[in-house]
Novice: 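Here it is, the structure in full.
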Amino acid sequence: MSVTESATASATVGENLLEMRGITKSFFGVTVLDDVDIDCRPGEVHALLGENGAGKSTLMKILSGAHQPDGGTILLDGEEVSFGHPRDAQAKGVSIMYQEFNLLPERTVAQNIYLGREPHRGPIVDQGAMERSTAELLATLDAAGSIRPGSVVRNLSVAQQQTVEIAKALSFRSKILVMDEPTAALSPHEVVSLFERVRLLRARGVGILYISHRLGEIFEIAQRVTVLKDGRRVGTLDVAATTPRQLVRMMVGRELDHYFPPHAVPAEIGQTRLVVHGGGVAGKLHDIDLTVRTGEIVGIGGLAGSGRTELAQALFGVRPFDAGTVELDGKPIRIRSPRQAVRRRMGFVTEDRKVEGLVLLLSVRDNSLLALRSLGSWLRRGAGGPVSIRDLLRSLDLRGAGLDQEVRYLSGGNQQKVVLAKWLASQAQVLIFDEPTRGIDVGAKAGIHELMRELARAGGAILMISSELPELVGMSDRILVMREGAIAGELASDASEDAIMLLATGEHDTVSVA
Amino acid sequence: SGGGSSPTATSQPTVAPSQPAASAPASAAPSASAAAASCEGATANEFFDQAVCEKQLAQRSATPTGPADQPWIQAIDPVMVDTTKYKKDGPYKICFTNAGVNNPWRVVGFNTMQHEVKLHPEITDFVHVDANGDDNKQISDLGDMVKSGNCSAIIVAPNSTKALTPAVEQACASNVPIIDFDRGVTTDCPVTFIHPIGGYAFGADAAEFLASAVKPGGNIIALRILPGVDVLETRYLAAEAIFKQKGLKIVKVAQTGGDAAKTKQIVSDAIDEFGTIDGVWMDAGATSVAAAEAFEDKGLPVPPITGEDQNDFLQAWKSKNWTADAPTYPTYQWRTAVIAAVDILQGKEVPKEWILPEPNITKDNLDQYISPDMPPLFYALCGCQKMPGFPDDWKK
Amino acid sequence: MSVGANGAPGDVTRAAPAAPGDEADPWQRRLVRLMRGAGPIFVVLIVLLVLIALKNPRFIQPAVFLASYLKPAAPLAILAAGQLFVIVSGEYDLSVGSLITVTVTSAALLIHGDPALTYPILALLFGIGIGVGLINGTVTTRLHVPSFIATLGMLLILSGGIFYATGGAPRGSLPENFRAFGRAGIEGVPFLGQLPYAVIVLLVVGTVFWLLLHRTNFGQQVFAVGGNARAADLAGIDVAAIRTACFVLSAVSAMIAGVLLGGFAGVSAQVGETYEFQAISAVVLGGATLGGGRGSVPTAIAGALTLQALFTLLNLFGFPAPLRSVVQGVIIVAAVAYASYRLRRSR
Amino acid sequence: MTAPRMALPGGPPGAWARALRTGLGSANAAPVYLVLLVIFVVSWVIVGLAGGSFLTVENVTSVLVRSVALGIVSAGQTLVILAGSLDLSVAYVISVAAVVSSVIMNGDPGRIVIAVVVVLGIGVAVGLTNGLLVTKLRVNPFIATLGVALVLRGLLNAAFDNFAGKVAPQFETLGYGGIGPLPWSVILLVVTVLAVWWLLRSTPFGHHLYAVGGGEETARLSGVRSHRVIIGAHILCSLAAVLTGLFLVSRIRSGAPWIGPDGGYDLESIAAVVVGGTALTGGRGGVWGTLAGVLILAVLDNLFNQLQFNSFLKDVVRGVIIIAAVAIYAQRQRRMSR
Ligand SMILES: Nc1ncnc2c1ncn2[C@@H]1O[C@H](COP(=O)(O)OP(=O)(O)OP(=O)(O)O)[C@@H](O)[C@H]1O
Ligand SMILES: Nc1ncnc2c1ncn2[C@@H]1O[C@H](COP(=O)(O)OP(=O)(O)OP(=O)(O)O)[C@@H](O)[C@H]1O
Ligand SMILES: [Mg+2]
Ligand SMILES: [Mg+2]
């Protein structure tokens with residue numbers, strides 16, 4: 001579908017450290033990688049770019065042996081390899097820093113970093129050596145002060161955990177290093193020291209595959225960039241020979257303008273719905289003040305770990321506020337559990353569909369009725385309800401799935417639509433979206449954006465957490481930016497992405513585009 | 001746990017002389033006189049001992065020493081041993097390590113034992129430790145009693161034969177008099193071992209009764225609690241031999257695990273399978289009533305059936321006028337253990353092997369053993385009827 | 001309880017789902033899924049019954065079938081149906097065996113053979129059952145004790161408690177009007193002869209539980225809770241209440257099973273032994289998933305009937321008693337392994 | 001958040017608990033030992049008042065000896081539970097070990113070694129079976145090990161229905177002998193616990209065990225061969241059960257097929273492990289906690305014996321204590337995870 005620009009800078013075979021050819025992969029019948037090629041040379045940083053759900057992480061998980069490809073070949077130093085287990089990949093000198101945290105909360109930093117390859121004398125793990133080399137690693141990341149090798153990961157902040165992930169990836173001293181969004185939760189000066197490491201590794205001839213949504217970073221350290229879209233390779237370019245605008249077009253397949261539905265006009269915005277004064281959650285959030293009115297979408301931006309999900313969880317009673325007051329339609333309320341929130345016609349589209357949004361074993365119908373049923377009496381006969389689920393899902397344009405299809409067989413986008421159906425069926429008036437389009441393909445993404453806007457127009461009050469700046473800017477009528485558990489500031493819908501990053505980091509940062 | 005195969009979950013081994021030496025008015029015991037019976041033709045397996053079998057069958061007609069109205073201090077062919085070396089002045093502390101009180105027979109027995117203790121002012125302290133049917137715990141329990149060094153005498157009711165032997169040997173070495181009753185141990189170091197005649201006799205009584213009551217060639221179902229418990233195996237071995245001699249057909253041998261529901265199920269299935277069952281042989285009486293019900297529920301007459309001196313069986317037998325027989329394993333041996341302990345401490349001689357007689361309950365002497373106002377799981381041969389506190393203490 | 005290697009949603013055993021994308025009407029699809037997901041156990045059951053009939057033709061006479069097969073099978077079937085709720089909601093109930101013993105022994109103790117007391121005491125017993133269920137549920141959901149441990153503790157408390165009360169062995173007795181439930185039946189029914197009350201009770205309980213689990217809001221929420229408790233919670237479902245209700249249903253089914261067993265064979269101290277494992281085996285044979293989210297009342301009952309048929313058959317063929325547990329062990333493991341294999345293949 | 005670490009009377013301040021924890025290498029060991037301490041002291045007082053002797057060499061050794069059988073098998077159970085699995089087959093493995101070893105020895109000292117080797121071999125086989133069922137066939141551990149238990153039970157009862165064989169007299173010293181007041185059996189227990197502790201704390205296997213129990217996927221992505229780890233844990237668990245069987249048969253002189261199930265070692269060992277503060281979900285806990293759990297049950301046993309308490313009432317108290325202990329840890333864990 002999308003034009004494949006001539007892969008100008010493709011290297012001649014032989015000098016490549018790594019070649020992945022014709023990689024194909026599908027999950028539950030949904031193809032997420034389709035005949036993808038990528039290679040990497042010694043001492044090169046090869047960036048991998050693409051929208052959420054484009055397949056970047058999956059491709060890298062195949063390289064690291066976490067997933068097995070349905071088709072395609074992997075060549076290391078020209079010889080074909082196949083990784084049945086991550087250990088095989090490690091043995092061949094491929095190490096990866098995963099996007100989602102892969103640390104054991106109950107274990108120490110050192111134990112996590114050397115998990116699976118503990119230094120040992122004879123049969124005995126050399127704890128001392130382990131902690132010493134951990135300390136050295138952390139020192140190279142300027143983190144020796146803040147993180148002890150012996151401290152239990154559970155007690156670390158998200159940013160610190162991110163740093164540990166990096167230290168772990170570096171500790172492999174491997175030929176190929178994959179970094180999947182390493183800077184998502186880092187503050188700029190942490191990013192700087194990370195890049196120093198990366199340059200040192202390049203000098204040592206390590207090949208680095210680097211995934212990031214921040215174009216600025218790519219232009220700073222990458223030599224080549226491959227763009228993925230909907231699981232296909234759009235093209236590979238020399239960074240020197242391209243521009244952010246070109247990359248964005250390759251990623252999105254269209255110009256960014258006239259992509260999001262129009263913002264709310266003042267007339268559409270009605271009375272105040274939800275108000276929080278000085279809301280706080282011990283150790284997580286403090287001094288939260290916010291207001292959401294009918295008809296408007298309030299965006300919440302910030303770095304990962306800035307407390308956005310906690311805020312959503314506090315509002316919805318998952319981990320309730322222990323300080324401050326909340327008002328709904330002018331009346332002070334206390335929401336101590338999600339159940340109470342649902343009974344007040346609130347809805348929460350969570351960050352992680354599979355874990356928090358859906359019962360994968362149940363059918364589309366049953367998932368759509370989840371919230372509605374929780375409101376009904378126990379003995380009422382199962383199906384139905386005031387709204388017809390069939391019509392509802394038709395209006396959501398849920399393709400390729402019958403009502404009795406188990407949701408685990410749906411694509412990410414369709415799954416997200418079922419989550420929406422759940423809240424529409426329960427006629428939720430105040431809706432919180434946490435990363436509503438994470439891992440969802442462009443088409444479905446536009447559909448979901450349309451729906452959110454329609455909900456607002458229909459008098460809904462919407463709070464939208466997003467890590468995607470374009471989405472934030474494109475969808476929000478107002479933007480709140482969080483930093484370290486507090487609201488750092490509020491911006492108008494026409495705010496620039498720099499302005500958001502500036503508030504999010506509290507200092508100047510490289511410009512980032514989706 | 002997922003259910004074990006322990007003999008402790010089962011009812012007790014029992015034996016009975018067909019001539020209840022004195023405890024019953026001379027009654028027509030099973031027509032097949034003991035003399036006629038023999039152990040010929042029994043399956044010679046690890047448990048079978050021809051000589052012992054013959055001896056037990058003979059002992060059923062032996063006349064025990066001692067007062068006829070107190071069978072618990074009677075003894076069959078006693079060989080007395082001197083106990084002066086254990087003589088000591090009271091007051092006494094008697095220690096009792098008990099396999100458990102985990103079935104009706106043991107409950108009645110232990111209850112009776114406690115009342116026996118009350119009859120001896122010289123016993124100022126009676127220590128009872130319950131092993132919950134766990135060999136290893138009982139070994140520790142016994143060990144602790146010996147170590148504590150303040151027991152005048154130790155009574156042992158082993159959880160299983162053999163297992164306690166090493167511990168008992170150590171106990172004997174401590175010069176505290178050891179009294180073993182109910183199950184044996186494979187050492188003769190205890191001062192006395194109190195037990196009824198033996199499994200062969202029990203099995204034979206029941207089998208002889210069926211032989212007399214069931215037409216030759218009739219179908220017999222033999223219900224056993226579980227295999228492998230020596231004291232139960234002997235019952236079956238003797239019965240099997242006698243059925244062979246008398247030409248009765250054992251159409252089914254099944255393990256009930258001592259569970260009423262299972263018993264009833266097995267019998268009911270057997271009736272469906274074989275059409276007619278002419279006699280039911282039980283190696284223990286706890287589930288006899290359940291077995292009989294299997295016939296009643298099919299609207300069939302209850303065939304000749306054997307049981308034990310458990311009250312529910314005796315009452316059903318009488319009220320429903322069954323053709324039945326109840327060999328017994330008297331709970332009064334729990335009294336004997338205490339009596340023996342005191343005798344030993346007072347230096348009186350006691351039988352080395354104290355073999356107690358047991359009445360066999362037949363239709364003729366049934367009435368004297370029925371106690372209508374007692375609970376169903378009461379055992380008639382507790383020898384407790386004249387004790388202070390009877391019957392209330394046995395009802396509560 | 002976490003099940004280690006099987007903790008990940010992908011690993012727990014499930015019946016195979018209907019193929020994606022196929023657009024049949026719901027009822028057809030339901031039928032298809034029933035056949036695919038639950039078929040095997042019915043096939044196994046029928047095969048076993050046929051084998052029994054071949055060996056013993058009397059077996060298929062309605063009267064014999066009812067009296068010698070269904071009647072004794074009823075308690076386990078009812079117990080399995082109750083346990084199923086707990087399993088589907090993602091928990092275990094190990095206390096049912098001892099609860100059965102408590103029912104029988106305390107009934108005998110309290111009624112003491114007096115027919116007049118039967119119904120009051122029955123009411124009291126159900127009170128106890130509901131109480132036990134509530135405690136199991138509360139300890140699990142409010143005190144966050146894994147149900148495996150909570151109900152194991154309850155097992156010790158109940159069995160210890162009842163024997164402490166009775167002094168070691170059952171006391172008292174059960175009057176005929178109590179025993180009738182498990183023993184008697186409606187006489188003179190055309191071709192059936194006697195229709196045992198136990199079978200009627202099984203039909204009633206089975207139907208009620210089936211409606212509850214598969215035809216009500218509550219039932220759907222049980223599946224949701226077992227399938228993904230966090231998602232259920234975030235959808236406003238009262239997870240604790242649902243799970244507690246499941247424990248109550250399980251306990252009540254144990255009381256009913258106890259009443260039938262007591263009626264069938266009278267007072268006995270071992271009456272409840274190993275029933276907790278039998279029930280879980282039956283439920284698993286019926287294709288339910290330990291860890292929650294999958295299962296159905298008809299197949300759970302079929303699982304129980306299959307176990308019963310298995311024992312009858314082995315007994316019929318004079319199989320040495322010990323080897324029966326071998327067969328049972330192999331069968332439940334094979335059943336779960338097969339389901340788990342089909343699940344992975346279906347991906 | 002560090003506020004009251006324990007809901008127990010006499011709980012010392014956090015510092016002490018922390019010291020204990022680091023010392024015992026298990027986040028939950030601290031409260032377990034406090035529970036043990038409390039129960040110990042309470043028993044001491046009660047027995048003292050009742051005029052019994054509690055803190056005597058005899059009594060303490062008695063408590064320890066009573067802990068040996070459950071202690072060893074629970075140490076093994078700790079491994080599988082830490083790995084996120086569990087093992088319901090230990091009771092029958094114990095019986096198999098007891099019976100087979102006694103049959104092989106049959107009173108001949110010369111055959112002690114071969115007997116021990118053979119039963120250890122059986123242990124490996126059973127553990128391997130459990131492990132393969134759980135990992136390769138993806139059978140839920142509860143069902144897998146329950147099934148194996150049923151199979152063992154059947155085979156055992158089919159082959160042996162009574163005391164079988166006889167151990168060599170020398171072998172009985174394991175059950176009854178000792179150095180001075182210290183019984184060999186207690187030394188065996190201590191050695192086993194130390195070995196498991198060392199394994200968990202100092203070997204790669206131990207680290208991987210915690211990792212797999214704490215998050216199998218994470219461990220796998222980090223290059224841990226999670227299946228091998230789980231299988232290994234099951235093998236070691238069965239071996240521990242075999243040791244228990246050997247100890248028990250050395251006490252009862254002749255193998256009895258009911259010795260395992262009658263001791264209720266399957267559910268009791270799981271109970272001891274969780275009372276010891278190891279999470280049933282895996283990944284958290286340790287063998288010292290388990291030892292404490294076992295001692296708690298043993299001290300209760302001793303207390304009830306000395307007071308001649310009704311043994312059924314003891315089950316009630318056990319049930320309550322098991323639930324209460326786990327409830328306390330659960331609350332504590334939730335506080336920490338906040
Ligand atoms: N284990 C899985 N099971 C099922 N679907 C999956 C799995 N992992 C990824 N997917 C789907 O594959 C698609 C690609 O996911 P992937 O994580 O590779 O995207 P990505 O490019 O990394 O996105 P992001 O930028 O958000 O990280 C998504 O639709 C996702 O839902
Ligand atoms: N209740 C929770 N339990 C465990 N992890 C959580 C919980 N809430 C949030 N997290 C995870 O902790 C990290 C920090 O979450 P937080 O809400 O503080 O940051 P955020 O601004 O939402 O970042 P993100 O971009 O991950 O949403 C995120 O990865 C989030 O998924
Ligand atoms: Mg990704
Ligand atoms: Mg978040």
Side-chain angles (χ1 to χ4, degrees), chain C residues 1-8 10-13 92 94 139 142-146 148-150 152-168 277 280-281 284 289-291 320-338 340-341 343-344, chain D residues 80-81 83-86 88 133-135 137-144 146-159 161 212-213 216-217 226-227 230 267 270-271 274-275 279-282 310-324 326-327 330-331 333-334:
Chain C
M1 182 188 78
S2 147
V3 289
N6 298 12
D11 297 342
V12 280
T13 62
Y92 292 80
L94 298 182
V139 172
R142 310 279 177 200
L143 299 186
H144 306 279
V145 176
F148 188 94
I149 297 303
L152 173 58
M154 180 57 81
L155 180 159
L156 289 171
I157 293 171
L158 287 175
S159 52
I162 188 64
F163 285 119
Y164 179 65
T166 60
F277 291 106
I280 293 177
S281 306
V284 167
T289 304
L290 294 189
L323 293 183
R324 289 173 207 181
S325 72
V326 176
V327 178
Q328 189 190 346
V330 171
I331 283 190
I332 61 173
V333 171
V336 174
Y338 171 71
S340 143
Y341 162 76
L343 169 76
R344 270 170 294 145
Chain D
V80 276
I81 291 183
S85 187
L86 91 177
L88 291 173
L133 287 174
V134 169
T135 53
L137 295 190
R138 307 275 173 100
V139 178
N140 176 305
F142 182 98
I143 293 296
L146 175 62
V148 169
L150 287 168
V151 170
L152 288 178
R153 168 187 171 184
L155 297 176
L156 189 68
N157 294 346
D161 45 20
V212 170
E216 195 189 354
E217 185 59 13
S226 50
H227 283 188
I230 292 169
L267 293 181
I270 295 175
V274 295
V275 167
L280 211 41
T281 47
N310 175 300
S311 64
F312 301 112
L313 206 52
K314 181 169 68 192
D315 281 346
V316 177
V317 175
R318 282 184 160 204
V320 172
I321 286 197
I322 290 171
I323 293 177
V326 178
Q331 309 316 320
Q333 195 53 42
R334 288 164 64 74

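Chain naming here is simple, since letters A, B, ... match the order of the sequence lines and numbering starts at 1 in each. Heavy atoms only: backbone and side chains are in, while hydrogens, waters and symmetry mates are out. If you're wondering where the values come from, they're calculated on a predicted model, not measured in any experiment.
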Novice: At a 4.5 Å cut-off on heavy atoms, which part of C:Val284 comes close to chain D: side chain, backbone, both, or neither?
Specialist: side chain
Novice: Evaluate the side-chain proximity of C:Phe148 to D:Ile270: yes if any heavy-atom separation is below 4.5 Å, no if none is.
Specialist: yes
Novice: Could I get the full list of side-chain hydrogen bond (donor to acceptor under 3.5 Å, both in side chains) partners for D:Glu217, not counting sequence neighbours?
Specialist: D:Arg220
Novice: Chain D heavy atoms under 4.5 Å from C:Leu152: which part of the residue, side chain, backbone, both or neither?
Specialist: side chain
Novice: I'd like to know whether D:Phe142 forms a side chain to side chain contact (heavy atoms under 4.5 Å, CB included) with C:Ile280, so could you lay out the CA-CA distance, the side-chain angles of the two residues, the decisive distance to 0.1 Å, and finally the verdict.
Specialist: CA-CA 10 Å; D:Phe142 182 98; C:Ile280 293 177; 3.7 Å; yes
Novice: Under 4.5 Å heavy-atom distance to chain C, tell me which part of D:Leu133 shows up: side chain, backbone, both or neither.
Specialist: side chain
Novice: Side chain from CB out, backbone as N, CA, C, O: work out which of these in D:Leu88 comes under 4.5 Å of a heavy atom of chain C, or both, or neither.
Specialist: side chain
Novice: Does the pair D:Ser85 and D:Thr135 meet the rule for a side chain to side chain contact (heavy atoms under 4.5 Å, CB included), with working shown?
Specialist: CA-CA 10 Å; D:Ser85 187; D:Thr135 53; over 6 Å; no
Novice: Between D:Ala158 and chain C, which part of the residue has a heavy atom less than 4.5 Å away: side chain, backbone, both or neither?
Specialist: both
Novice: What are the two closest heavy atoms between C:Met154 and D:Ile323, and how far apart are they?
Specialist: N-CD1, 4.1 Å
Novice: Can you say whether D:Val320 sits under 4.5 Å from chain C via the side chain, the backbone, both, or neither, judging by heavy atoms?
Specialist: both
Novice: Measure C:Val139 against the heavy atoms of chain D and call it side chain, backbone, both or neither at under 4.5 Å.
Specialist: side chain
Novice: Please name the pair of heavy atoms, one in C:Pro146 and one in D:Val326, separated by the smallest distance, quoted to 0.1 Å.
Specialist: CD-CG1, 3.6 Å
Novice: Mind checking side-chain hydrogen bond (donor to acceptor under 3.5 Å, both in side chains) for C:Arg324 and listing every partner two or more places apart, or none if nothing turns up?
Specialist: none
Novice: Against chain D, label C:Leu94 side chain, backbone, both or neither, depending on which of its atoms sit under 4.5 Å from a heavy atom there.
Specialist: side chain
Novice: Mind ranking D:Ala144, D:Gly154, D:Ala330 by heavy-atom pairs under 4.5 Å with chain C and telling me who comes out on top?
Specialist: D:Gly154
